[in-house]
Amino acid sequence: MPDHVHLLVEGLQASSDLRRLMARWKQRTGYDHSRATGERLWQAGFFDHVLREEEDRLSVVAYILANPVRAGLVTHPSDYPSWGSSVWTRAELIESLFNRHGGESDNHRGG
(Lines give C-alpha, C1' and ligand atoms only; values in the text may rest on other atoms or scores of the structure.)
Protein backbone atom coordinates (compact mmCIF):
# COMPACT_ATOMS: atom_id res chain seq x y z
CA MET A 1 0.00 0.00 0.00
CA PRO A 2 1.33 3.44 -0.74
CA ASP A 3 0.70 4.89 2.73
CA HIS A 4 0.91 1.98 5.17
CA VAL A 5 2.19 -1.54 5.61
CA HIS A 6 0.70 -4.76 6.90
CA LEU A 7 2.98 -7.42 8.35
CA LEU A 8 2.24 -10.87 9.67
CA VAL A 9 5.13 -11.91 11.89
CA GLU A 10 5.54 -14.89 14.16
CA GLY A 11 7.57 -14.89 17.34
CA LEU A 12 9.47 -18.16 17.49
CA GLN A 13 10.76 -17.87 21.05
CA ALA A 14 9.30 -16.80 24.39
CA SER A 15 11.73 -13.87 24.31
CA SER A 16 10.43 -12.59 20.94
CA ASP A 17 9.62 -8.88 21.24
CA LEU A 18 7.31 -7.21 18.71
CA ARG A 19 7.95 -3.70 20.02
CA ARG A 20 11.70 -4.16 19.70
CA LEU A 21 11.35 -5.66 16.22
CA MET A 22 9.16 -2.78 15.03
CA ALA A 23 11.42 -0.13 16.56
CA ARG A 24 14.49 -1.57 14.86
CA TRP A 25 12.74 -2.15 11.53
CA LYS A 26 11.24 1.34 11.46
CA GLN A 27 14.57 2.88 12.47
CA ARG A 28 16.49 1.09 9.72
CA THR A 29 13.97 1.60 6.93
CA GLY A 30 13.30 5.17 8.04
CA TYR A 31 17.00 5.98 8.03
CA ASP A 32 17.51 4.50 4.57
CA HIS A 33 14.46 6.32 3.22
CA SER A 34 15.53 9.62 4.77
CA ARG A 35 19.01 9.33 3.26
CA ALA A 36 17.54 8.63 -0.18
CA THR A 37 14.74 11.22 -0.16
CA GLY A 38 15.33 13.64 2.71
CA GLU A 39 11.82 12.84 3.95
CA ARG A 40 10.44 11.15 7.03
CA LEU A 41 8.93 7.71 6.38
CA TRP A 42 7.09 6.58 9.52
CA GLN A 43 4.68 8.11 11.98
CA ALA A 44 5.14 7.35 15.67
CA GLY A 45 3.75 4.07 16.97
CA PHE A 46 1.96 1.24 15.24
CA PHE A 47 -1.23 -0.80 15.54
CA ASP A 48 -0.92 -4.47 16.37
CA HIS A 49 -3.20 -7.45 16.79
CA VAL A 50 -1.96 -10.63 18.40
CA LEU A 51 -3.43 -13.74 16.79
CA ARG A 52 -4.76 -16.40 19.10
CA GLU A 53 -4.30 -20.12 18.42
CA GLU A 54 -7.90 -20.43 17.22
CA GLU A 55 -7.59 -17.54 14.75
CA ASP A 56 -7.04 -18.52 11.14
CA ARG A 57 -3.73 -17.18 9.80
CA LEU A 58 -4.75 -17.77 6.19
CA SER A 59 -7.72 -15.44 6.65
CA VAL A 60 -5.32 -12.77 7.87
CA VAL A 61 -3.11 -13.35 4.84
CA ALA A 62 -6.17 -13.08 2.58
CA TYR A 63 -7.11 -9.77 4.22
CA ILE A 64 -3.60 -8.40 3.76
CA LEU A 65 -3.36 -9.50 0.14
CA ALA A 66 -6.78 -8.06 -0.68
CA ASN A 67 -5.88 -4.60 0.66
CA PRO A 68 -4.54 -3.21 -2.65
CA VAL A 69 -7.67 -4.57 -4.38
CA ARG A 70 -9.98 -2.88 -1.85
CA ALA A 71 -8.01 0.35 -2.31
CA GLY A 72 -8.56 0.15 -6.09
CA LEU A 73 -4.86 -0.08 -6.88
CA VAL A 74 -5.14 -3.43 -8.70
CA THR A 75 -7.87 -5.84 -9.73
CA HIS A 76 -6.18 -8.97 -8.34
CA PRO A 77 -3.71 -9.44 -5.46
CA SER A 78 -1.12 -10.97 -7.77
CA ASP A 79 -1.02 -7.70 -9.75
CA TYR A 80 0.34 -5.77 -6.74
CA PRO A 81 4.15 -5.96 -6.78
CA SER A 82 4.90 -4.98 -3.18
CA TRP A 83 4.12 -8.07 -1.17
CA GLY A 84 5.82 -11.31 -0.39
CA SER A 85 6.72 -13.85 2.23
CA SER A 86 9.90 -15.30 3.66
CA VAL A 87 8.09 -18.63 4.01
CA TRP A 88 5.96 -19.10 0.87
CA THR A 89 6.22 -17.98 -2.73
CA ARG A 90 3.66 -15.55 -4.10
CA ALA A 91 2.25 -18.34 -6.29
CA GLU A 92 1.87 -20.67 -3.28
CA LEU A 93 0.00 -18.02 -1.30
CA ILE A 94 -2.37 -17.15 -4.14
CA GLU A 95 -2.96 -20.85 -4.89
CA SER A 96 -3.66 -21.71 -1.25
CA LEU A 97 -6.11 -18.83 -0.93
CA PHE A 98 -7.95 -19.77 -4.12
CA ASN A 99 -8.06 -23.48 -3.22
CA ARG A 100 -9.29 -22.69 0.26
CA HIS A 101 -12.09 -20.43 -0.95
CA GLY A 102 -13.05 -22.62 -3.89
CA GLY A 103 -12.11 -20.08 -6.51
CA GLU A 104 -12.11 -16.32 -6.47
CA SER A 105 -13.51 -15.23 -3.12
CA ASP A 106 -14.84 -11.88 -2.01
CA ASN A 107 -11.44 -11.23 -0.42
CA HIS A 108 -9.79 -11.51 -3.82
CA ARG A 109 -12.29 -9.23 -5.48
CA GLY A 110 -12.03 -6.67 -2.72
CA GLY A 111 -15.44 -7.31 -1.17
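Since the structure is predicted, the reported quantities are computational estimates derived from the model, not experimental observations.
- Grouping the Ile, Leu, Val, Met, Phe, Trp and Tyr side chains by contacts below 4.5 angstrom, directly or via other members, places Val50 apart from Leu21.
- Residues Leu41 and Ser34 fail the side-chain proximity criterion, which asks for heavy atoms closer than 4.5 Å.
- For the pair Trp83 (side chain) and Pro68 (backbone), a donor-acceptor distance under 3.5 Å is absent.
- Atom CZ of Arg90 and atom OH of Tyr80 lie 10.0 Å apart (nearest 0.5 Å).
- Of the inter-residue distances, the one linking Asp79 atom CG with Leu73 atom CG reads 11.0 Å to the nearest 0.5 angstrom.
- Atom CG of Leu58 and atom CG of Leu65 lie 9.0 Å apart (nearest 0.5 Å).
- Proximity of a side-chain donor or acceptor of Thr37 to a complementary backbone N or O of His33 within less than 3.5 Å is detected.
- Annotation for Gln43: atom CD does not count as buried by contact number, only 12 or fewer foreign heavy atoms lying within 6.0 Å.
- Annotation for Arg70 and Tyr63: closest pair NH2-O, 2.9 Å, computed over non-hydrogen atoms.
- A salt bridge (Lys or Arg N to Asp or Glu O under 4.0 Å) check over residues 30-45, counting only residues at least two apart or in different chains, returns the pairs Arg28-Asp32.
- Within 6.0 Å of CD on Glu54 lie more than 12 heavy atoms contributed by other residues, nucleotides or ligands.
- Closest non-hydrogen pair, Gly11 versus Ser16, comes out as CA-OG, 3.4 Å.
- The CG atom of Leu51 lies 9.5 Å from the CG atom of Asp56; values are rounded to the nearest 0.5 Å.
- Note: the hydrophobic cluster containing Val9 does not contain Leu12 (ILVMFWY, side chain heavy atoms under 4.5 Å, direct or indirect links).
- Nearest heavy-atom pair, Ile94 versus Ser78, reported as atom, atom and distance to 0.1 Å: CD1-N, 4.1 Å.
- By the 30° and 60° cut-offs, the orientation of the rings of Trp25 relative to Trp42 is tilted.
- Within 6.0 Å of CD on Glu92 lie more than 12 heavy atoms contributed by other residues, nucleotides or ligands.
- With hydrogens and angles disregarded, a donor-acceptor distance shorter than 3.5 Å links the side chain of Lys26 to the backbone of Gly45.
- His4 contributes atom NE2, which lies 4.5 Å from atom CG of Asn67 (distance to the nearest 0.5 angstrom).
- Contact record, Val60 with Leu8: CG1-CD1, 4.1 Å, taken as the closest heavy-atom pair.
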